[in-house]
There are 2 protein chains.
Amino acid sequence: MVKKAPGRPRQGESLTRERIIEASIELLDSSGEVGLTFRALSERLSTGPGAIYWHIANKSDLLSAACDAVVARAMDETVVTTPKETIRAVALGLFDAINEHPWVGSAITSSVGLSPIVRILEPVGEQIRALRVPEEQQWAAVGTLIAYILGVSKQNADNGQLARTRGFDRSDFLEAMSTAWSKLDPKQYPFAHSVAGQFREHDDRVDFISGIDLILKGIDSPRHRSGPQHKHAATLQR
Amino acid sequence: MVKKAPGRPRQGESLTRERIIEASIELLDSSGEVGLTFRALSERLSTGPGAIYWHIANKSDLLSAACDAVVARAMDETVVTTPKETIRAVALGLFDAINEHPWVGSAITSSVGLSPIVRILEPVGEQIRALRVPEEQQWAAVGTLIAYILGVSKQNADNGQLARTRGFDRSDFLEAMSTAWSKLDPKQYPFAHSVAGQFREHDDRVDFISGIDLILKGIDSPRHRSGPQHKHAATLQR
DNA sequence: ACCTGAACACCGTTCAAGT
DNA sequence: ACCTGAACACCGTTCAAGT
């Protein structure tokens, strides 16, 4: 009798790493980080909690894998055009992906493999090269961009999460925050008081892209290109 | 008999909100977010887990309060000089505080009260006014700065955490990451491969301040001051 | 008013036992 | 090789009972 190759029993019915990750993403999207439990997951996959451990090392491995899958998808979808437009597209793609899957924000840093970071590094770096940024300044440029993109996207997603937790949508949240600020004592909090109106009207996504443009402008500017300037040595010392 | 005013029994021996928060900060610093449990906390305070609930609503309240205390301290310590130097000082103060207390990074956004955000908003906003940024652009400037400061500081602290978790220090971490990148296939990951060397040498704190300077430069620049430009309408649509 | 600590309803993870 | 599900050592939170 010929022994069948192991694995692959009955076409996709079986428990695979991919199926587990897919189910985890659904669970994370619908009920957040607290919603991802091995019990809920195994119920959704009609199996026992122990079965999952055959395919996945532990919860943090699971979270990393789910995060990597989302980032990979977002990067695959970005359209490559001119260097600056492409960087904007990568940035917005991540911003939207993290906004849609807020749990990705916290998972992305602790992702064990280097995969999610490299997935972002590569397309951004390629465009920075295309912009003819001198070799020795390439990391500074890419590092600032990635830190900004991930940092601000996370911030934004957290705010959305916070709003949803309290049961209202983003504009209600802005409204509430803004009126809270305008009610602060103008003597003690003059700025918060005066900026409340602008805060109510602002759009995080537009602000995000303005920041990207600001950084891109800085990368282009001749003064920046002339190399590091060590201007603020005093400020920098701990 | 004169009834004593309630509270204050035996000089600071009693369980107070402050003592609980102080102990929480110590616990968070020494063993991270997972280290803060009501059991560990009550043991440290030689009381029962239930006692804490008399002073604190729940765990998220506790985390917010601890976070607010750290932010307040950092802001109190910043020295006010010229507008731009002051903004740099605020930024670095937060960067260092979050680096030293990495759990603050994740707690700061979900902080229920508006207190931690307003604590940062106010000094930054004051300096933006001092820089004579037109009223209608003040939020954009302050919003970008705060998003950058918190976002990048969190990123940085997460990286430090990650390194510590794996049992080595920051420079070992850079070393390991850098050699991992340089071992990647240059055909598939040309940029990661080529930038590995610069990554090894970079200093997050210096990069952080460069980013702040970049943004401050952008805020100053006349083109930015001339108002929003809606250049990338196509990119922005979802 | 404040504190105690057992009890409840959960977790992630392990592991002998099955197929 | 892969899956089962009970068991273990934890959690946050509650609440009757004490002082």
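Just so we're on the same page: letters track the sequence lines, and every chain starts at 1.
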task: Could you list the residues that satisfy side chain to side chain contact (heavy atoms under 4.5 Å, CB included) with A:Gln127, not counting sequence neighbours?
output: A:Val80, A:Pro83, A:Thr86, A:Ile87, A:Ala130
task: Rounded off to whole Å, could you give me the CG-to-P distance for the B:Leu62 and D:dC11 pair?
output: 15 Å
message: So A:Asp96 and A:Arg205, do their side chains get closer than 4.5 Å, heavy atoms only?
response: yes
field: ring pair (Phe, Tyr, Trp, His ring centres under 6.0 Å) contacts in which one or both residues fall within residues 179-198 of chain B, not counting sequence neighbours
entry: B:Trp181-B:Phe199
- request: Can you sort out the partners of B:Asp172 under side chain to side chain donor-acceptor pair (under 3.5 Å), two or more places apart, ordered by chain and number?
  value: none
- line: One should report the stems of DNA chain C, each a stretch of at least three consecutive Watson-Crick or G-U pairs at distances under 3.5 Å, as C:4-8 with D:12-16, C:12-16 with D:4-8
message: Are B:Leu62 and B:Leu41 packed together at the side-chain level, in the sense that at least one heavy-atom pair is separated by less than 4.5 angstrom?
response: yes
Could you list, one pair per line, each protein nitrogen or oxygen that sits under 3.5 Å from a nitrogen or oxygen of nucleotides 12-16 of chain C, together with the distance?
from	atom 1	to	atom 2	distance (Å)
C:dG12	OP1	A:Leu36	O	3.3
C:dG12	OP1	A:Lys59	NZ	2.7
C:dG12	OP2	A:Phe38	N	3.1
C:dG12	N7	A:Arg39	NH1	2.7
C:dG12	O6	A:Arg39	NH2	2.6
C:dT13	OP2	A:Tyr53	OH	2.8
C:dT13	OP2	A:Lys59	N	2.9
C:dT13	O5'	A:Tyr53	OH	3.0

statement: Heavy-atom closest pair (B:Arg44 atom, B:Leu27 atom, distance to 0.1 Å) is NH1-CD1, 3.2 Å
query: For B:Trp54 and C:dC2, is the shortest distance between a side-chain N/O and OP1 or OP2 below 4.0 Å?
result: yes
message: Between C1' on D:dG5 and CG on A:Leu45, what's the gap in Å once rounded to a whole number?
response: 16 Å
query: What's the CZ-C1' distance between B:Arg17 and C:dA1, to the nearest Å?
result: 17 Å
field: Length of the line joining B:Leu15:CG and D:dT19:P, which is rounded to integer Å
entry: 19 Å
message: Below the 4.0 Å mark, does D:dC3 have OP1 or OP2 next to a side-chain nitrogen or oxygen of A:His55?
response: yes
field: Main-chain N/O of B:Gly197 paired to B:Ser178 side chain as donor or acceptor, under 3.5 Å
entry: no
field: All ring pair (Phe, Tyr, Trp, His ring centres under 6.0 Å) counterparts of B:Tyr148, not counting sequence neighbours
entry: B:Phe208
statement: Separation of C:dC3 atom C1' from B:Ile56 atom CD1, nearest Å, is 14 Å
